[in-house]
Amino acid sequence: MPGFKTHSGSAAVLDRNHVDTDQIIPKQFLKKIDKAGYGEYLFFDWRYHSDGTENKDFELNSKETKEATILVTGKNFGCGSSREHAPWALKDYGFQVIIAESFADIFFNNCVKNGILPIRLSKGEIQNLQSENSETLIRTLRVDLEKQLVESETGEVFHFEFDPYWKKMLLNGWDEISVTLQQEALIKKYEDERIVN
Amino acid sequence: MSKTIIDKLWDRHIVVEEENKPDLLYIDLHLIHEVTSPQAFAGLREKNRTVRRPDLCFATMDHNIPTVDRFNIKDETSRLQVQTLEKNCEEFGIQLEGLNSEQQGIVHVIGPELGLTLPGKTIVCGDSHTSTHGAFGALSFGIGTSEVEHVLATQTLWQNKPKQMNVKIEGELGFGVTAKDVILWFIAKYGTNVGTGYIIEFSGSTVRNFSMEERMTLCNMSIEAGAKASVVSPDEVTFSYISGKRYAPKNQEFLESCKRWSELASDENARFDQRIEIDASEIEPMVTWGTTPSMCLPISGMIPAEENSSSIEEKQSLRNALHYMGFRGHEQIEDISVQHVFIGSCTNSRLSDLIQASKVVEGRKVHPEVRAIVVPGSQTVKKEAEILGLHQIFLDAGFEWRESGCSMCLGMNDDIVPEGERCASTSNRNFAGRQGKGARTHLVSPIMAAAAALKGKFTDVRSILPKTEQEVDHYAGV
Ligand code: SF4
């Protein structure tokens with residue numbers, strides 16, 4: 001996986017709380033056995049009507065928001081199932097950064113492991129990122145993982161917290177399994193010496 | 001220093017501990033199913049890696065299999081997923097309880113009933129309801145597919161230790177109130193993210209008096225409160241459940257294990273980051289009316305209307321939920337009619353759930369406008385229920401008696417609720433589209449689901465349950 005250092009792009013605003021994994025990718029699309037091509041199913045039930053036509057009212061369906069590479073949303077994003085198909089779909093669709101007030105735990109981990117940067121900002125900070133021109137689009141945002149900063153087009157700069165270990169993994173794009181396998185000797189030792197449960 | 005059960009479980013599994021780094025935890029049991037594993041095995045193959053401890057892995061198929069004519073998977077992609085699991089397990093030497101196995105069932109039902117789930121273990125599965133196994137005093141949590149691959153390759157996971165919360169439930173539950181109502185009530189009161197960033201220990205006299213199956217229902221839904229995991233300290237109830245289970249330790253080894261397991265309980269004065277106390281007598285039979293498990297009311301309740309909400313934000317989510325569920329607000333829960341009833345899922349498909357529901361149903365008939373199904377959690381549950389004659393009670397009443405699997409809990413197979421129709425469901429998620437596009441899910445306990453099946457609408461099950469003392473006793477035993 002390539003490392004994640006900085007990213008600039010436009011952001012689509014999905015002003016909703018508790019967006020669950022069943023909305024991000026409905027279960028009928030979980031039957032594939034590979035990781036590719038889930039982008040077309042992202043937010044499927046919101047993007048399309050039952051007859052398959054596009055839902056023009058959905059926030060992400062405007063010409064401009066379709067180009068967005070950053071998603072800005074509310075509280076408890078990604079709650080529900082552990083399906084990694086959710087970040088696969090977000091990534092395949094083109095999102096590289098998700099800014100939310102809070103994330104569900106498993107989803108947060110799943111993002112990091114797929115090279116998507118999940119950023120927690122407060123509601124006030126998120127509102128300050130938005131311009132007055134559009135409720136659903138922020139034209140330019142710049143995200144810097146090294147410095148842990150988000151900069152808006154209006155010149156606002158916000159710091160975000162990020163776990164130092166996962167930061168290193170993301171910055172370098174390291175394969176976590178390779179990193180762990182370097183601890184092989186210690187794993188073996190644990191297995192040999194462990195107290196039985 | 002006093003330690004909580006969570007501290008003890010955590011500390012015993014640390015393989016690597018360094019400053020400014022998550023801990024590397026050893027995993028004792030890795031449960032696997034068909035939906036979240038194929039990409040993990042593919043990842044191993046791609047990098048030429050192997051499964052480190054196939055003996056600590058255990059696989060089944062549950063999410064996508066049919067519950068009628070189970071060997072005939074019509075959907076091609078589902079069939080491929082099931083075949084892929086078979087192939088992967090064979091190639092990497094992992095035990096699989098497939099469709100033709102007498103031990104097949106929902107992963108969180110069979111782990112405990114086979115004696116794989118044991119106190120003191122770390123247990124993971126690519127499924128969020130892995131929290132269920134915490135009922136035994138195991139540290140168990142759901143993981144994504146990348147982590148499934150990581151565990152397969154290394155038998156470990158990097159984890160930051162979450163905060164700890166003690167939820168103490170004291171007192172006696174009212175007649176007709178179940179473990180399902182307790183967890184629904186908890187989420188209704190404290191919200192779907194009260195547990196985010198925490199592991200919960202459930203304690204108190206109510207929990208101590210729960211059977212293992214009730215404790216599993218409680219822990220199962222702690223993920224709906226946002227918790228990373230939940231645990232109950234093991235005790236005699238735990239040990240007697242485990243005793244004699246297929247893969248559990250036997251004889252002297254069992255006795256020694258019990259001794260070690262009893263040491264896991266939280267020490268007195270152990271420190272929690274947060275404490276919540278609940279009075280069990282306040283809890284009533286609950287019904288969800290909206291699209292998150294926290295949108296939930298006692299059976300006597302009335303659905304809120306937009307004008308009652310204080311903030312704009314709340315108004316918006318209320319409006320969306322009401323719209324999706326086809327309500328205007330101010331409807332009485334008892335006036336909501338249902339077209340489907342589903343008794344099943346890893347929350348409520350164990351033998352005691354079916355026994356309880358059967359007692360409500362016995363000698364009565366399902367409402368003519370309701371389609372009701374019972375889906376036992378595993379082949380073992382199904383067989384035991386049939387020995388007790390439960391299937392006949394359900395069939396006589398007009399229920400369908402199905403094969404084991406996840407079924408209508410998430411509708412990945414053919415068991416879905418049609419658009420706009422309502423289902424009283426004993427499962428755990430009422431998200432929009434969960435049981436089918438446009439399907440309207442109402443989460444309830446098995447006895448409340450049974451009552452709804454009979455009446456065609458939500459009904460206070462206490463008005464159906466027999467009232468004489470003798471009969472009350474009859475229910476208390478289940
Ligand atoms: S029964 Fe439902 S919640 Fe449980 S494992 Fe199956 S799909 Fe998940």
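Worth knowing before you read on, the calculation uses all heavy atoms, side chains too, and leaves out hydrogens, waters and symmetry mates.
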Novice: When only pairs under 4.5 Å are counted, which of A/P164, A/G74, A/S81 shares the most heavy-atom pairs with chain B?
Specialist: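 The residue among A/P164, A/G74, A/S81 with the greatest pair count is A/S81.
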Novice: Looking at every non-hydrogen atom in both residues, tell me the closest pair between A/I106 and B/G142 and how far apart they are.
Specialist: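 Looks like CD1-O, 3.6 Å.
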Novice: Examine whether an atom of B/N320 lies under 4.5 Å from a heavy atom of chain A, and if so say whether it belongs to the side chain, the backbone or both; otherwise answer neither.
Specialist: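 Contact with chain A is absent: no heavy atom of B/N320 under 4.5 Å.
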Novice: Please report the closest heavy-atom contact between A/E84 and B/G144, naming both atoms and the distance.
Specialist: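 Nearest heavy atoms, A/E84 then B/G144: OE1-C, 3.1 Å.
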Novice: Does any heavy atom of chain A fall under 4.5 Å from the side chain of B/Q39, the backbone, both, or neither of them?
Specialist: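 Contact with chain A involves both backbone and side-chain atoms of B/Q39.
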Novice: Measure B/I14 against the heavy atoms of chain A and call it side chain, backbone, both or neither at under 4.5 Å.
Specialist: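 Only the backbone of B/I14 comes within 4.5 Å of chain A.
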Novice: Answer with side chain, backbone, both or neither: which region of B/V35 has an atom nearer than 4.5 Å to a non-hydrogen atom of chain A?
Specialist: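 Both parts, backbone and side chain.
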Novice: So which residue, A/D15, A/N76, A/L186, A/N114, ends up with the most heavy-atom pairs under 4.5 Å with chain B?
Specialist: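 Going by pairs under 4.5 Å, I would pick A/N76.
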Novice: Identify which part of A/F44 has an atom lying under 4.5 Å from any heavy atom of chain B, answering side chain, backbone, both or neither.
Specialist: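 For A/F44, there is no contact with chain B at all, as no heavy atom is under 4.5 Å.
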Novice: Taking all non-hydrogen atoms of both residues into account, name the closest pair between A/K27 and B/L410 and its distance.
Specialist: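 Here A/K27 and B/L410 meet closest at CD-O, 2.5 Å.
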Novice: In terms of side-chain geometry, is the basic nitrogen of A/E191 or B/R52 positioned less than 4.0 Å from the acidic oxygen of its partner?
Specialist: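 Salt bridge present between A/E191 and B/R52.
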Novice: Only pairs of heavy atoms separated by less than 4.5 Å count here; which of A/R83, A/K35, A/K168, A/Q28 has the most with chain B?
Specialist: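 Greatest number of close heavy-atom pairs with chain B: A/K35.
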Novice: Which bit of A/K75 comes within less than 4.5 Å of chain B, counting heavy atoms only: side chain, backbone, both or neither?
Specialist: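 Only the side chain of A/K75 comes within 4.5 Å of chain B.
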Novice: Non-hydrogen atoms of chain B under 4.5 Å away: do they reach the side chain of A/D34, the backbone, both or neither?
Specialist: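 When you check distances to chain B, only backbone atoms of A/D34 fall under 4.5 Å.
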Novice: Tell me, do B/D28 and A/R194 make a side-chain contact under 4.5 Å, heavy atoms counted?
Specialist: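 Of all side-chain heavy-atom pairs linking A/R194 with B/D28, at least one is under 4.5 Å.
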Novice: Under a 3.5 Å distance rule, please check whether A/K31 uses its side chain to pair with a backbone N or O of B/M412 as donor and acceptor.
Specialist: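 It does hold such a pair.
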Novice: Do B/S317 and A/H18 have side-chain N/O donor and acceptor atoms under 3.5 Å apart?
Specialist: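 Not at all, the side chains of B/S317 and A/H18 share no donor-acceptor pair under 3.5 Å.
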Novice: Relative to chain B, which of A/S82, A/C79, A/P87 shows the most heavy atom pairs under 4.5 Å?
Specialist: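 Ranked by contacts with chain B, first place is A/S82.
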Novice: Between B/R429 and A/D20, is there a salt bridge with N-O shorter than 4.0 Å?
Specialist: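 No, this pair does not count.
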Novice: Going from OH on A/Y165 to CG on B/D23, what distance comes out if it is rounded to the nearest 0.5 angstrom?
Specialist: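 Between A/Y165 OH and B/D23 CG, I get 11.0 Å after rounding to 0.5 Å.
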Novice: Can you say whether A/K32 sits under 4.5 Å from chain B via the side chain, the backbone, both, or neither, judging by heavy atoms?
Specialist: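 Looking at A/K32, just its backbone touches chain B.
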Novice: In Å, rounded to the nearest 0.5 Å, how long is the span from NZ of A/K113 to OG1 of B/T145?
Specialist: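 Answer rounded to 0.5 Å: 11.5 Å.
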Novice: Select one option (side chain, backbone, both, neither) describing which atoms of B/T154 are under 4.5 Å from chain A's heavy atoms.
Specialist: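 It is both, since atoms from each part get that close.
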Novice: Run the side-chain contact (heavy atoms from CB on, under 4.5 Å) test on B/N160 and A/W166 for me, step by step, so that the C-alpha distance in whole Å, both residues' side-chain angles and the decisive distance to 0.1 Å come before the verdict.
Specialist: CA-CA 10 Å; B/N160 284 308; A/W166 294 117; 3.8 Å; yes
Novice: Could you tell me which portion of A/K188 (side chain, backbone, both or neither) has an atom closer than 4.5 angstrom to a non-hydrogen atom of chain B?
Specialist: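 Contact with chain B: backbone and side chain both.
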Novice: Please check: side-chain N/O of B/Q155 versus main-chain N/O of A/I187, any donor-acceptor pairing under 3.5 Å?
Specialist: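 Flag not set: sc B/Q155 to bb A/I187 has no pair under 3.5 Å.
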Novice: Heavy-atom distances under 4.5 Å only: say whether A/D175 touches chain B with side chain, backbone, both or neither.
Specialist: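 Side chain only.
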Novice: Is it the backbone or the side chain of B/L24 that comes under 4.5 Å from a heavy atom of chain A, or both, or neither?
Specialist: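 Side chain only.
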Novice: Do you know which two heavy atoms are closest between B/A153 and A/I177, and how far apart they sit?
Specialist: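 Taking every non-hydrogen atom into account, CB-CG2, 3.7 Å.
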Novice: Examine whether an atom of B/Q435 lies under 4.5 Å from a heavy atom of chain A, and if so say whether it belongs to the side chain, the backbone or both; otherwise answer neither.
Specialist: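 B/Q435 touches chain A through backbone heavy atoms alone.
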Novice: Counting only heavy atoms closer than 4.5 Å, note whether B/E419 contacts chain A via side chain, backbone, both or neither.
Specialist: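 The side chain, not the backbone.
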Novice: Could you tell me which portion of B/N428 (side chain, backbone, both or neither) has an atom closer than 4.5 angstrom to a non-hydrogen atom of chain A?
Specialist: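 Interface part for B/N428: neither.
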Novice: Would you find a donor on one side and an acceptor on the other, under 3.5 Å apart, between the side chain of A/K189 and the backbone of B/V15?
Specialist: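 No.
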Novice: Heavy-atom distance under 4.5 Å to chain B: side chain of A/Q183, backbone, both or neither?
Specialist: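 Interface part for A/Q183: side chain.
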Novice: Look only at the side chain of B/R434 and the backbone of A/D22, and say whether a donor-acceptor pair between them is shorter than 3.5 Å.
Specialist: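 Here the side-chain-to-backbone pair does not exist.
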Novice: Checking heavy atoms, do the side chain of A/S50, its backbone, both or neither come under 4.5 Å from chain B?
Specialist: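 A/S50 touches chain B through backbone and side-chain heavy atoms alike.
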Novice: Does any backbone or side-chain atom of A/L30 lie under 4.5 Å from a heavy atom of chain B? Answer side chain, backbone, both or neither.
Specialist: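 Both backbone and side chain of A/L30 come within 4.5 Å of chain B.
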